[in-house]
Structure formats: C-alpha cells, structure tokens
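What follows is a set of notes on a single structure, which appears directly below.
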There are 2 protein chains.
Amino acid sequence: MAKKQVTFADIAEYTHFSKTTISRYFNHPDSLTLENQEKISQALDTLGYKKNKLAKVLANGKSEFIGIIVPNLYLHYYSEMLTQLLSSYSNYHYKFLVFSSEHGAEEEQQYIEELLSYQIEGLIVLSHTLSSQKLASYQIPVIAIEREAEYISSITTDNYMGSLQATSLLIRDKCDILIHINVNVEKTVPAYDRIRAFEETCKEYQVPYDIDLSVSGNSYQEILNVIRRIFTRIEEKYPNQKKGIFLANDTYANMFLNLIFQKYGKLPPTYEIIGFDNSPIASESILPITTVGQQIDVIAQTAMELLVQQMEEQKKRAPKPLEKPIHKQITPVLIRRNTTS
Amino acid sequence: MAKKQVTFADIAEYTHFSKTTISRYFNHPDSLTLENQEKISQALDTLGYKKNKLAKVLANGKSEFIGIIVPNLYLHYYSEMLTQLLSSYSNYHYKFLVFSSEHGAEEEQQYIEELLSYQIEGLIVLSHTLSSQKLASYQIPVIAIEREAEYISSITTDNYMGSLQATSLLIRDKCDILIHINVNVEKTVPAYDRIRAFEETCKEYQVPYDIDLSVSGNSYQEILNVIRRIFTRIEEKYPNQKKGIFLANDTYANMFLNLIFQKYGKLPPTYEIIGFDNSPIASESILPITTVGQQIDVIAQTAMELLVQQMEEQKKRAPKPLEKPIHKQITPVLIRRNTTS
DNA sequence: TTGTATGCGTTATCAG
DNA sequence: CTGATAACGCATACAA
C-alpha cells in the first residue's frame, strides 16, 4: 500500500464538512448547494480521491457482483455467451466473477461458496455438474442457461423448433433418407429435443430416417474417427439415395463435409448437410454450412433481464422469492448457406 | 437479505468467546486449545456460518482480485488465454474480474477505474487501446500480454522465432518463392516481428520473397474477399513456381487453403501453407494446416507468476516497485501437419 | 441543507 | 492462550 487511500474522512477534514455530507455528494448530490458541490468536487481531485466500492458494499449490502460458472471457453458457444453477458455491463453495471469448471461437483461447490463469500447477488450457471436442486438450495437468484433446470429459472434455445426447421428443410428438398447424427444425450438435457423433433417430424411426414447416436470422444481426433466410421456406414447403406444429414453441431457438420470433399472433391447432389449453432466453423468451412443459429445475444440478454429482475426483488424489504421457476425459450433461426439447395 | 448473515459476533455470543478468538480460529487455529477449536467448529455449522470475504478485504486490504481486460472472446486466442488464466485459480486463489473492451480508450479507462475501486491487486491487459505509459500510471502491478509494453512488464510469444521456423521450413522444402500475407501491423506491436523474421530469413538464404500486407476488413466476408484477391494475384504472378505461403494466422491460412481446394479440388504440390496460432480451425480445416503453435498455457502461467511476484512485493512494508519492466518471451513450436511436405 | 452516531463483518494492536 | 477496542471506508437513521 504505497500511500494510504484518500477517504471521506480526509475529504471531510479538508473541506470542513462531515463525512455524511461527502457521502451525500456522491449519492444525493442535489441535496447540497451547488457551491458546496463545487467545493467538494475541487477537493476530490486536489486530494486525488479514488472510491472504494468494497467499503460501499459492506455498508449497504449491494455487491453488484454476479457469478458465472462456465464449463469451458474452448467451445465457441460458451465464449460467445460469456462475451454477451460481459457486454451487458453497459446496461446494468453488474460486475462478473467468472469461474470455469468441468471437473466435478466438489470443485464447483467450492467455487460457489467462494462466490457467495463475495456477496454475489446472483448466479448464472452454464455447467452441468450440479443439479438444479442443489443450486436452488443456495437461496440466491440463479439462472441456468441451456441445462437441466427443474428447480431454478432458465433460458434455453428452443431446440425443438430448431431441429424442426432443419428437418423440414431436408424434407422439402426431397431427401430420400434423413439422418441425424448426435451423441447419446440424456433426456433431461434441453438439447435432447433436437432428437425428439427430428424423429417426430420424420414420422409425421412419413419419410425414412436414421438416428445415429454413436458419437463420442474427448478430442477432435477421437470424434473425427467416429464421424468417419459413420460416414462410411452411410455411404455403404444408402449408396444412390439423396441423403439429408442433420448433425448435432457445426463441428460435426464440418467434419462430415470434409470427409465428403476428400472423397468427391465437391459436395455431390446426393448430399445435404445442416449443422447447429452457427459457430464460426460453419462459415469458415470449405463450403459455408447451412445451420440452425442460436441467438446467443438474445439468450444472454434474456438471462440478464430475468436475473436482474430477481435480484431487484431480493433487495426489497419483503422479498418474495419466485413461486415457480421461470423458463424461457429462445427460437433459433435457420441460416441457409451452401450445403442445402 | 432473507435472514441476516451469521457473523463473528453471533458465534462469539454463542460460544462465550470474543470475536477476536473466532477470528483467530480461522487465521491462527493453533493458538487455540483443541477443545476450543472443537467448540467453535461445532458452533459454526449449527449456526450455519458463511464467511464474508468483503469484510475481510476491508479489514486487511488484500482483495485477492485480479482485473483482466481482453479485447474480445471471439478470437480463439483470447478465449483460450482467459481459460488458462482462470485455471490458475487452483494454484493462487486469485479471483478474476473480467472486462471485454475494444471500443476506445475512454471506455477502457472507466473499466480500470471500476476495477481499482474494487481494490484489485493486479491487472492483466490484452487489449491494445491504452498505451503502456498510461497503464503504468495506475501504480499497480500490470502485465501486458502480446501487446506494446514499453513501460510495463509483459509476456509475448517469441514471434521472431516462430516466423523464423516457418520460413525456414518453406525454404528447406525448396519453395521457389516465399510469400507472407498479413495485415499492415504497426512496428510497436510484438507481432511485427513475424514480418521482420520472414524478410530477414529470406534475405539471408537469398530466396525470392513477396510480402503482402494488404489484408484488412472487420468481418469474415470482408477479409475473405481480400484473401481471394491476393490468391488471384499470386496465381497469375507465379503460375508454375512452387509457392510457400506463410500467413499471419490460421484463419487466413484456412481461407487460402479453401480457395485452393475450390479451384483444384486438392492441394497441388506447387503450394505449401503455414499458419500461425494453432487455433482449432487449423486442425478442423479441409486439410490439417501446418502452423506455428503459441503456447498459450505457458504464456498464461508465466504471466501469473510474474504478476503474483509483483503483487507479493506490494504487500511488504516497504514495497520496491520494479526498477525496469520485465519482458519475457515464450518460444512457439512449429506444428507440422498436412499442408507442408 | 447539514451533522451525529451507529452499523456493516472482519482484522490488528495491545494488554493480560 | 484469550479479550477489549480500535480500525477499515462508507451508508443511513435520526436530529438539528
């Protein structure tokens, strides 16, 4: 601590006011005469005052902190979401304490304890490790984004609508066989709706379909190998049919497209491909990929609105916690590019 | 505020100790009898105590906060760096307040003011908007990552070495003409060394070279259009020669590779391509791209070491600020993949 | 419009 | 080994 901080006491002494008046200068300036405002204002920069928000928080209980827990930032979806959340600073002036966690529940609970000890007013959770029941038990406004959220409020993409749009496009384009490629997602996860919608839509329109949930792996290479296997299988099984492939995300879609290109040097008319997420890879691919675009900005914005609302409620004298969690769905948009006709 | 927080006062009352003893229980437990430790420990969870770090900070001045300012998280480089920095939590237990800023100096100054008001102990800057001189004036430990840093400590990739390795490989592979494609970087930016090394190496080995710094644009499409123009020019100018292309980053490299593939359906032997960064796109491309890999984990780790060291110094009774800023360079590694022989 | 007194939850100093 | 008491920097009733 080089030189001690300048405090209200110092300013008060210097200006011959009381600390209270200095406090008021910041919080209710109109209650001072213009003359005195000016005096204090002068004193502030001759003394070089710098405010101390922590002291303020301790005194009034409003930390303006929001905790965020993301699984990682490697996936574009998460880093983009974080960007959008951070950018809400200009509207709400909440500060964000960010933790990245995907190594188990204990670690994550520790992080939350730590966050709580900093008096965060709210929490945004994107990781999947803790149950919503556990999260609800912390007695603090929580918003889940795209995860299981039975006991807490949440924002999710309308996965059903997204998948429906993709599937419909493939049907409209007269594909002979529709194929959905995905990991074996749990039914509690919102993204499971992508599988549901695909299947139900295919059934409704009575088109043949094939659902392959064999994707797995922790590295790009591992996953690529699985996709290659799937590609081979499809090539063998549906040789002369027009294949409409709907993949769980753009990374898979890009892999699949690359395999096709490596074999044929182009995208033959017997293939249509649709991804999910509208991540950068979808446009950077050898052929810009048609994809279901998640409206990450809208999701982030909605999450903040919901959270702010609940945090405001907490500040009232008799805060009424939500009777039921609020769940909102954001409709994704189909972005047509060059892998569909 | 549902129920008031449990404080030391409550615990003291309950256990018939003083607040001081409770404090000691947490900070110097050995100075209590085991029996009394046990008593307090019991009281803690029957009362449901939750610690308040803000109060602690106010009392002892150590916030354990570090501020981070990144330009954006859209670029993989930044999001990966942030991930790595966040992961240092397990070693140092510093918490991170993150701001994203690339819209001008005023905004960024405001952010820093805000960060300072939260008593951050150190600052990590990845954005380019504020001069190192300005940053140094804040009188707080600052580490710059991959940016101008005359007046503050910094970590950068050894761009010269990286570029040297790439250029050498292209020479070794007997390219007739070496071409470097980049934006027109300022000479103060560390990345300028990539251009320098390319030119100097070409001269030293007396191979013909061509430096094209015409890349510009704010969107993928804009940049792609420029790259296309450059591609056309190169095709016309060096039709039958073996071309060794070294691009400023993997995104450019991927664009270039896609253009080649779209024209030839493969990578003809008259082309070699090397990117920079080892970002995901380099492996996800139609052909895995040879690239200069920045060791982001090492950079982040080194940055934290340096920062922690300086923050520790600040906590001493007579802190000696650094006489000169410390600058460290991290050597990148050449990752050979399928776009070089 | 301004001041006094007290509290926020913890640590630090000094005494015993 | 334990306790009183005064910081830390600011906010807020309540008075004036």
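Below, read A as the first sequence line, B as the second, and so on, with proteins coming before strands; counting in each chain starts at 1.
- Put simply, CG on B:Asn36 is 13 Å from C1' on D:dG3, counting in whole angstrom units.
- Put simply, B:Thr21 has a side-chain N or O that comes within less than 4.0 Å of OP1 or OP2 on D:dG3.
- The nearest whole Å value for the distance from the NZ atom in B:Lys62 to the P atom in D:dA7 is 20 Å.
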Using a 3.5 Å cut-off and no angle test, enumerate the donor-acceptor pairs between side-chain atoms of residues 149-156 of chain B and protein atoms at least two apart in sequence or in another chain.
unit_1   : atom_1 : unit_2   : atom_2 : d
B:Ser153 : OG     : B:Gln310 : NE2    : 3.2
B:Ser153 : OG     : B:Ile326 : N      : 3.0
B:Ser154 : OG     : B:His327 : ND1    : 2.7

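- Among the atoms of the strands shown, only primed sugar atoms or phosphate atoms (P, OP1, OP2) are found under 4.0 Å from some heavy atom of A:Phe17.
- Ring orientation note: the planes of A:Tyr111 and A:Phe99 are close to parallel, at an angle under 30° on the 30°/60° scale.
- Taking both residues in full, the closest heavy atoms of B:Leu123 and B:Ile68 are given as CD1-N, 4.4 Å, listed atom of the first, atom of the second, then distance.
- For the pair A:His16 NE2 and C:dT1 P, the interatomic distance rounds to 22 Å; values are reported in whole Å.
- The NE2 atom of A:His28 sits 6 Å away from the P atom of D:dT12 (whole-angstrom rounding).
- Considering only side-chain atoms of B:Thr33, the nucleotide from C:dT13, D:dC1, C:dT4 that sits closest is D:dC1.
- As a whole-Å value, the separation of B:Leu116 CG from D:dG9 C1' is 16 Å.
- Summarising the geometry, the separation between OH on B:Tyr25 and P on C:dT11 is reported as 13 Å, rounded to the nearest angstrom.
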Show me, pair by pair, the donor-acceptor contacts under 3.5 angstrom made by side chains of residues 297-308 of chain B, not counting sequence neighbours?
unit_1   : atom_1 : unit_2   : atom_2 : d
B:Thr302 : OG1    : B:Val298 : O      : 2.6

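- A donor-acceptor contact under 3.5 Å is formed by the side chain of A:Thr20 with the base of C:dT4.
- Pairing each heavy atom of B:Ile120 with each of B:Ile140, the nearest pair is O-CD1, 3.4 Å.
- Here D:dT2 presents its C1' atom at 14 Å from CD of B:Gln37, a figure rounded to the nearest Å.
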Worksheet entry | Test ring-ring contact (aromatic ring centres under 6.0 Å, His included) applied to A:Phe65 and B:Phe65, step by step | CA-CA 13 Å; A:Phe65 278 143; B:Phe65 278 143; 5.8 Å; yes
With 3.5 Å as the limit, what N/O pairs link the protein to nucleotides 6-10 of chain C?
unit_1 : atom_1 : unit_2  : atom_2 : d
C:dC8  : O2     : A:Leu58 : O      : 3.4
C:dT10 : OP1    : B:Tyr49 : OH     : 2.3
C:dT10 : OP1    : B:Asn52 : N      : 3.4
C:dT10 : OP2    : B:Phe8  : N      : 3.0
C:dT10 : O4     : B:Lys19 : NZ     : 3.1

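- Below 30°, between 30° and 60°, or above 60°: for A:Phe8 and A:Phe26 the angle between ring planes is below 30°, a parallel geometry.
- The CZ atom of A:Arg24 sits 14 Å away from the P atom of D:dC14 (whole-angstrom rounding).
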